[in-house]
Amino acid sequence: MKWFLLVSLLSFQSLQASTLDDLSFLYYKKEVSSTSLKAKNNCYPAPGNSCASVVCGNLPSYLCDEESELRHVATMCRGNIDGGCLTSIFKKLPKYQYDELQEMNEYAVQCQNVYGSKCFDFIASKVPAYLIDEKDEVIAALNQCKNASYDVVECAIFSCSKMQAYRCDELNELAEVLRSCGR
């Protein structure tokens, strides 16, 4: 009888996740016990456009055609895996907020050590559009994405899908979810 109560209590607890830590544990437990994990390709996606091509593609041509400008672009893009982070940012901002070399530099530096666009896209999908359409708001979101691997973002997506929407619609709440998942 005690054994039955213990087993039923443990199985009930595994279905009821009341904290972020419980949700992140359930996500990773599901990943580890999944038979698809062996067949899953855990490598990061192949890089798309380079950071430099995204920067130069979004600037007027006269700002990206001299050797000194190209060196500056190459320097600002160090630490960027690809141009995915910048591309994602530019979808949220008005063009006048990224049409100068200095503005591009600020965004490229913020995209260093951000793995593609998945984390930023996740945050942008959860917060209202008016909270992520200015430079400072974008930078605050990117700060939460620093060193957040794809697994951490997948865990955060899973966790938010299991929580009430109002618990995952502000930047500080999303930061807490990302931290709980291992950022």
Side-chain angles (χ1 to χ4, degrees), residues 5-48 51 77-93 106-183:
L5 288 173
L6 181 62
V7 169
S8 64
L9 179 63
L10 288 175
S11 65
F12 178 73
Q13 285 180 343
S14 69
L15 295 175
Q16 297 290 348
S18 60
T19 67
L20 285 174
D21 290 337
D22 292 342
L23 284 169
S24 59
F25 171 75
L26 286 175
Y27 170 78
Y28 287 115
K29 180 181 173 188
K30 178 183 70 110
E31 284 295 304
V32 169
S33 65
S34 165
T35 57
S36 66
L37 186 64
K38 294 173 188 152
K40 187 176 177 181
N41 182 0
N42 287 326
C43 295
Y44 294 113
C51 171
C77 284
R78 278 194 195 128
N80 281 270
I81 296 167
D82 64 8
C85 177
L86 288 172
T87 301
S88 198
I89 289 171
F90 299 154
K91 290 178 184 175
K92 295 294 176 186
L93 294 172
E106 292 177 55
Y107 296 122
V109 167
Q110 291 301 317
C111 283
Q112 291 172 351
N113 299 316
V114 174
Y115 300 101
S117 65
K118 190 166 193 156
C119 181
F120 182 80
D121 290 341
F122 162 68
I123 290 175
S125 73
K126 294 294 181 185
V127 299
Y130 66 87
L131 290 179
I132 199 158
D133 62 352
E134 297 289 329
K135 180 172 84 172
D136 296 338
E137 297 162 342
V138 165
I139 289 172
L142 286 172
N143 283 332
Q144 302 310 316
C145 293
K146 296 272 184 194
N147 300 312
S149 68
Y150 287 113
D151 287 339
V152 168
V153 178
E154 285 296 324
C155 172
I157 292 168
F158 171 81
S159 296
C160 283
S161 74
K162 301 296 181 189
M163 296 171 23
Q164 294 92 354
Y166 69 87
R167 291 185 57 206
C168 265
D169 64 353
E170 293 182 16
L171 190 55
N172 62 337
E173 295 167 339
L174 296 169
E176 184 60 33
V177 171
L178 287 165
R179 266 191 297 281
S180 175
C181 286
R183 182 188 144 256

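All heavy atoms count here, side chains included; hydrogens, waters and symmetry mates do not. By convention here, the first residue in the shown sequence is residue 1.
- Lys126 is listed as a side-chain neighbour of Phe122, based on a closest heavy-atom distance under 4.5 Å.
- Side chains of Val127 and Glu137 form no contact here, defined as non-hydrogen atoms less than 4.5 Å apart.
- Between Ser117 and Thr87 the shortest side-chain heavy-atom distance does not fall below 4.5 Å.
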Step-by-step disulfide (SG to SG under 2.5 Å) determination, Cys111 to Cys51: CA-CA 9 Å; Cys111 283; Cys51 171; over 6 Å; no
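- Closest approach of Tyr150 and Tyr115 over heavy atoms only: OH-O, 3.4 Å.
- For the atom pair NZ (Lys162) and CD1 (Ile157), the distance works out to 13.0 Å, reported to the nearest 0.5 Å.
- Not a single donor-acceptor pair under 3.5 Å links the side chain of Asp169 to the backbone N or O of Pro128.
- Counting heavy atoms from C-beta outward, Val153 and Lys118 have side chains that approach closer than 4.5 Å.
- Across all their heavy atoms, Ala141 and Ile132 have their closest contact at CB-CD1, 3.9 Å.
- The two residues Gly116 and Asp82 have their closest heavy-atom pair at CA-OD1, 4.0 Å.
- Residues Cys119 and Gln144 are not in side-chain contact: their nearest non-hydrogen atoms beyond the backbone lie 4.5 Å or more apart.
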Between Val177 and Met163, is a side chain to side chain contact (heavy atoms under 4.5 Å, CB included) present by the stated rule, with each step listed? CA-CA 11 Å; Val177 171; Met163 296 171 23; 4.3 Å; yes
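- The line from CG of Leu171 to CG of Leu131 is 8.5 Å long, rounded to the nearest 0.5 Å.
- Atoms CD and CD, from Glu170 and Glu176 in turn, are 13.0 Å apart once rounded to the nearest 0.5 Å.
- Between Glu173 and Arg167, none of the side-chain N atoms (NZ, or NE/NH1/NH2) sits under 4.0 Å from a carboxylate O, so this pair counts as no salt bridge.
- Taking CG of Asn147 as the reference point, atom CG of Asn113 lies at 5.0 Å (rounded to 0.5 Å).
- In this structure, Val114 and Cys85 approach most closely via the heavy-atom pair CG1-SG, 4.0 Å.
- Between the NZ atom of Lys91 and the CZ atom of Phe120 there is a distance of 10.5 Å, given to the nearest 0.5 Å.
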Criterion side chain to side chain contact (heavy atoms under 4.5 Å, CB included) on Val152 and Leu178, from CA distance to verdict: CA-CA 7 Å; Val152 168; Leu178 287 165; 4.0 Å; yes
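- Taking 4.5 Å as the limit, some side-chain heavy atom of Ser159 sits within range of a side-chain heavy atom of Cys181.
- Residues Asn80 and Gln112 have side chains in contact (heavy-atom distance under 4.5 Å, counting atoms from C-beta outward).
- In this structure, Ile89 and Leu142 have side chains that are in contact, with non-hydrogen atoms separated by less than 4.5 Å.
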